[in-house]
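Note that these values count all heavy atoms, side chains included, but never hydrogens, waters or copies made by symmetry. In what follows, every chain begins at residue 1, and chains take the letters A, B, ... in the order their sequences are listed.
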Protein chains: 2
Amino acid sequence: MPGTKLDDIDRMILAELQADGRMTNVELAKRVGISAPPCLRRVRTLEEQGFIQGYHADVDARELGFEVQVFAMVGLVSQAEADLSAFENRCLSWPLVRECHMLNGEVDFILKCVAPDLRSFQRFLTEQLTSAENVASVKTSLVIRGAKDEPGVPFDVLEERLAMEA
Amino acid sequence: MPGTKLDDIDRMILAELQADGRMTNVELAKRVGISAPPCLRRVRTLEEQGFIQGYHADVDARELGFEVQVFAMVGLVSQAEADLSAFENRCLSWPLVRECHMLNGEVDFILKCVAPDLRSFQRFLTEQLTSAENVASVKTSLVIRGAKDEPGVPFDVLEERLAMEA
DNA sequence: CCTAAATGCGAAATAATATTGCGCGATCGT
DNA sequence: ACGATCGCGCAATATTATTTCGCATTTAGG
């Protein structure tokens with residue numbers, strides 16, 4: 001069931017909603033070239049099947065007073081599965097940690113964090129992160145400026161790829 | 001003008017739309033405790049003022065065939081402003097690069113990349129990224145698994161913060 | 001090759017939602 | 001205290017979402 005293949009229209013829908021998640025269904029239908037009812041059915045199906053996992057407004061963190069963004073590379077003492085997931089759970093409970101990814105290589109995790117200012121972050125860093133159980137090392141890097149931030153799927157690449165197969 | 005302060009209702013709106021960007025305006029109005037028309041006006045204002053920068057569907061990259069996610073740390077030869085922005089522009093043109101942040105410290109940039117498979121990524125890495133002008137070093141780390149991915153603002157932290165001031 | 005089930009579309013009707021146009025009370029500055 | 005300003009909510013209208021249903025196309029047998 002959760003492996004049903006998508007057709008061109010489905011991919012167009014995903015691309016459009018990734019670009020503008022609040023587009024009305026009639027506008028969406030117009031763009032992908034079908035009428036509103038089947039378009040809405042497709043969207044619902046894509047949601048149910050997990051191709052669409054949710055919709056979010058992009059809120060400007062800086063405007064809201066979160067001036068600081070930091071990447072933290074974390075090394076653990078033990079990489080036993082129980083210890084890995086223990087650390088992941090701790091990350092889930094830290095609101096300043098927005099992303100947590102397990103990596104291969106020297107570093108075990110990379111975290112993307114936000115904070116109102118450097119002081120707040122330093123306090124989080126020393127009182128929470130570095131002093132957390134099983135944490136061996138933490139290296140942090142301040143984000144000086146963001147040049148690109150487009151989470152999601154590069155649909156143009158996907159299309160090229162499918163064109164190849166045909 | 002773009003510094004107008006937000007009140008509690010505005011922040012609630014932002015929090016709700018960050019959590020569910022497709023919520024209807026009437027539902028939103030109900031949740032924040034005002035009627036629909038003023039609620040819609042507030043949303044529009046928040047959009048115009050840039051507090052809301054857009055809306056996006058969360059599309060599952062894996063389901064669409066992008067199995068690989070990689071962080072790349074890039075060091076440049078020259079950090080002159082012209083060279084920095086030249087590199088940023090190149091990142092903008094690479095669809096596999098979804099995020100590009102300039103950092104302090106030893107590394108100049110961190111990139112978040114996606115690719116259909118390792119082979120595709122290796123090719124991008126060798127043919128594009130490492131061979132790009134002014135690039136001195138690239139270290140990559142494969143994402144083994146994701147533990148947390150909640151882009152946006154931690155509104156719970158923001159509330160605590162505002163409660164302090166009062 | 002033909003038929004029956006299944007699939008997906010679109011027109012039309014109905015239910016919700018978005019959006020506009022006011023009038024009203026609260027707040028603010030003088 | 002008073003006029004101006006601001007933001008709310010009611011009511012009316014315009015759009016959109018959602019359901020229902022019949023039709024065409026495809027699919028799997030026979």
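The nearest whole Å value for the distance from the CG atom in A:Leu46 to the C1' atom in C:dG8 is 14 Å. Atoms CE (A:Met23) and P (C:dA18) sit 16 Å apart, rounded to a whole Å. Rounded to a whole Å, the CG atom of B:Leu40 is 16 Å from the C1' atom of D:dA12. At whole-Å resolution of the value, CZ in A:Arg44 and C1' in D:dA17 are 8 Å apart. In this entry the distance linking CD of A:Glu47 with P of D:dA17 reads 12 Å, nearest Å. If you take CD1 of A:Ile9 and P of C:dG8, they are 11 Å apart, rounded to a whole angstrom. The nearest whole Å value for the distance from the CG atom in A:Leu28 to the P atom in C:dG10 is 13 Å. Distance, A:Arg31 CZ to D:dT16 C1': 16 Å, rounded to whole Å.
Among the protein residues, B:Thr24 comes within range of the sugar-phosphate backbone only, with heavy atoms under 4.0 Å from sugar or phosphate atoms but none that close to a base. Counting any heavy atom pair closer than 4.0 Å across all strands shown, B:Arg42 reaches sugar-phosphate atoms only and no base atom. Contacts of B:Arg22 with the nucleic acid, taken as non-hydrogen atoms under 4.0 Å apart, are absent.
In this structure, the side chain of B:Lys30 does not engage the main chain of B:Asn25 through any donor-acceptor pair within 3.5 Å.
Ion pairing of B:Glu47 with B:Arg42 is absent here, as no side-chain N (NZ or NE/NH1/NH2) approaches a carboxylate O to less than 4.0 Å. Look at B:Arg145 and A:Glu81 and you find a salt bridge, because one of the NZ, NE, NH1 or NH2 atoms lies within 4.0 Å of a carboxylate O, short of that distance. Salt bridge A:Lys148/B:Glu99: absent, no basic N to carboxylate O contact under 4.0 Å.
Listed candidates were D:dG9, D:dT16, C:dA11. Nearest to the side chain of A:Pro37 is C:dA11.
Checking the phosphate oxygens (OP1, OP2) of C:dT20, no side-chain nitrogen or oxygen of B:Arg41 falls inside 4.0 Å.
The residue among A:Asn25 and B:Asp7 whose nearest nucleotide of DNA chain D is located toward the 5' end is B:Asp7.
Nearest heavy atom pair, residue B:Arg22 against residue A:Gly21, reads NE-O, 2.9 Å.
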